[in-house]
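Computed from heavy atoms alone, side chains included, the values below leave out hydrogens, waters and symmetry copies.
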Amino acid sequence: MMVPSKMLRHPLVRGMVTYTFLWPTANLVQQSLEGKRFGSFDYAQCARYGIYGALYVAPTLYGWVRLSSMMWPRMDWRTAIGKALVEQATYGPFAGVSFLFVMTLLEGRSASEAAREVQLKFPHTYAVGLTVWPFVQTINFALVPERHRVPFVAACSFLWTVFLASVKQQDPETGIPTTK
């Protein structure tokens with residue numbers, strides 16, 4: 001399916017198209033790091049990542065970028081640092097909890113299982129994110145024009161998504177990768 005070039009000019013559509021491919025590809029990389037190969041990939045898992053990336057991550061990230069740009073329209077280093085810190089206190093936790101909870105539900109597991117997964121995996125995931133995202137987002141908010149911010153974050157988030165996919169596949173009690 002081809003997306004008309006006129007539609008791709010809109011940052012939300014561009015972000016959704018980008019995340020449609022980025023998240024499942026990152027999941028395939030994560031599965032490869034676990035030792036899986038072409039014949040043994042979990043394609044249903046890849047599809048869940050594509051759906052989540054396109055229909056949840058891209059729109060919520062776009063909404064955050066728009067809101068933060070309206071609240072702090074200047075593009076300078078001081079504003080960028082402030083926006084990045086606010087993001088880590090607001091959107092970062094929202095995104096981390098959402099990922100663990102929604103992806104668990106997409107696996108067909110219960111809300112109580114999803115809540116338990118968040119409880120066990122979110123603190124470490126968020127702590128790691130605090131070592132990465134404030135720096136990436138400071139650069140994003142200081143140097144990248146608003147219309148390119150979602151694709152910029154998508155490019156930067158590829159390795160982060162591989163990390164998230166790895167965390168998602170770990171048994172919450174042992175930290176050992178599982179097959180679900």
> Any donor-acceptor pair under 3.5 Å linking the side chain of T79 with the backbone of M75?
Replying inline: no
>> When you compare the side chain of F122 with that of P93, does any pair of heavy atoms fall below 4.5 Å?
In response: yes
> Quick one: do L159 and V57 end up in the same hydrophobic cluster if we chain Ile, Leu, Val, Met, Phe, Trp and Tyr together by side-chain heavy atoms under 4.5 Å apart?
Replying inline: yes
>> Hydrophobic cluster membership, with links at side-chain heavy-atom distances under 4.5 Å among I/L/V/M/F/W/Y: are L61 and L22 in one?
In response: yes
> Any side-chain hydrogen bond (donor to acceptor under 3.5 Å, both in side chains) pairs touching residues 151-163, not counting sequence neighbours?
Replying inline: none
> Are M16 and V13 close enough, and set up right, to give a side chain to side chain contact (heavy atoms under 4.5 Å, CB included), and what steps lead you there?
Replying inline: CA-CA 5 Å; M16 291 175 77; V13 174; 5.5 Å; no
> Which heavy atom in Y49 sits nearest to a heavy atom in L164, and how many Å separate them?
Replying inline: OH-O, 4.4 Å
> Which residues satisfy the side-chain hydrogen bond (donor to acceptor under 3.5 Å, both in side chains) test with T18, sequence neighbours excluded?
Replying inline: none
>> Would the distance check show the side chain of Y19 and the main-chain N or O of L55 forming a donor-acceptor pair, the cut-off being under 3.5 Å?
In response: no
> Within the distance-only criterion (no hydrogens, no angle test), does the side chain of K36 pair as donor or acceptor with the backbone N or O of D42 below 3.5 angstrom?
Replying inline: no
>> Under a plain distance cut-off of 3.5 Å, with no hydrogens placed, do Q31 and Q45 share a side-chain donor-acceptor pair?
In response: yes
>> With side chain to side chain contact (heavy atoms under 4.5 Å, CB included) as the criterion, how do S166 and E34 come out once you've worked through the C-alpha distance, each side chain's angles and the decisive distance to 0.1 Å?
In response: CA-CA 9 Å; S166 176; E34 283 184 352; over 6 Å; no
>> A side-chain contact here means heavy atoms from C-beta on lying under 4.5 Å apart; do Q30 and K168 qualify?
In response: no
>> What I'd like to find out is whether the side chain of R116 reaches to under 4.5 Å of the side chain of E113, using heavy atoms alone.
In response: no
Distance-only check: which donor-acceptor pairs under 3.5 Å involve side-chain atoms of residues 127-144, not counting sequence neighbours?
| unit_1 | atom_1 | unit_2 | atom_2 | d |
| --- | --- | --- | --- | --- |
| T131 | OG1 | V128 | O | 2.6 |
| Q137 | OE1 | N140 | ND2 | 2.9 |
| Q137 | NE2 | E87 | OE1 | 3.0 |
| Q137 | NE2 | E87 | OE2 | 2.7 |
| T138 | OG1 | P134 | O | 2.6 |

> Do the non-hydrogen side-chain atoms of W23 and R48 ever get within less than 4.5 Å of each other?
Replying inline: no
> Between T125 and F163, is any pair of side-chain heavy atoms under 4.5 Å apart?
Replying inline: yes
> Under 3.5 Å, side chain of T104 to main-chain N/O of L100, donor-acceptor pair present?
Replying inline: yes
> Same hydrophobic cluster for W72 and L85, using side-chain heavy-atom links shorter than 4.5 Å among ILVMFWY?
Replying inline: no
>> Applying side-chain hydrogen bond (donor to acceptor under 3.5 Å, both in side chains) as the test, list every pair that has at least one member in residues 51-63; sequence neighbours left out.
In response: Y56-S98, T60-Y91
>> Can you list everything that forms a ring-ring contact (aromatic ring centres under 6.0 Å, His included) with F21? Sequence neighbours excluded, please.
In response: none
> Where do L12 and P59 come nearest, in terms of heavy atoms and distance?
Replying inline: CD1-CA, 3.6 Å
> With sequence neighbours excluded, what pairs up with S40 under the side-chain hydrogen bond (donor to acceptor under 3.5 Å, both in side chains) test?
Replying inline: none
> With hydrophobic residues grouped by side-chain heavy-atom distances under 4.5 Å, do F99 and L28 end up in a single group?
Replying inline: no
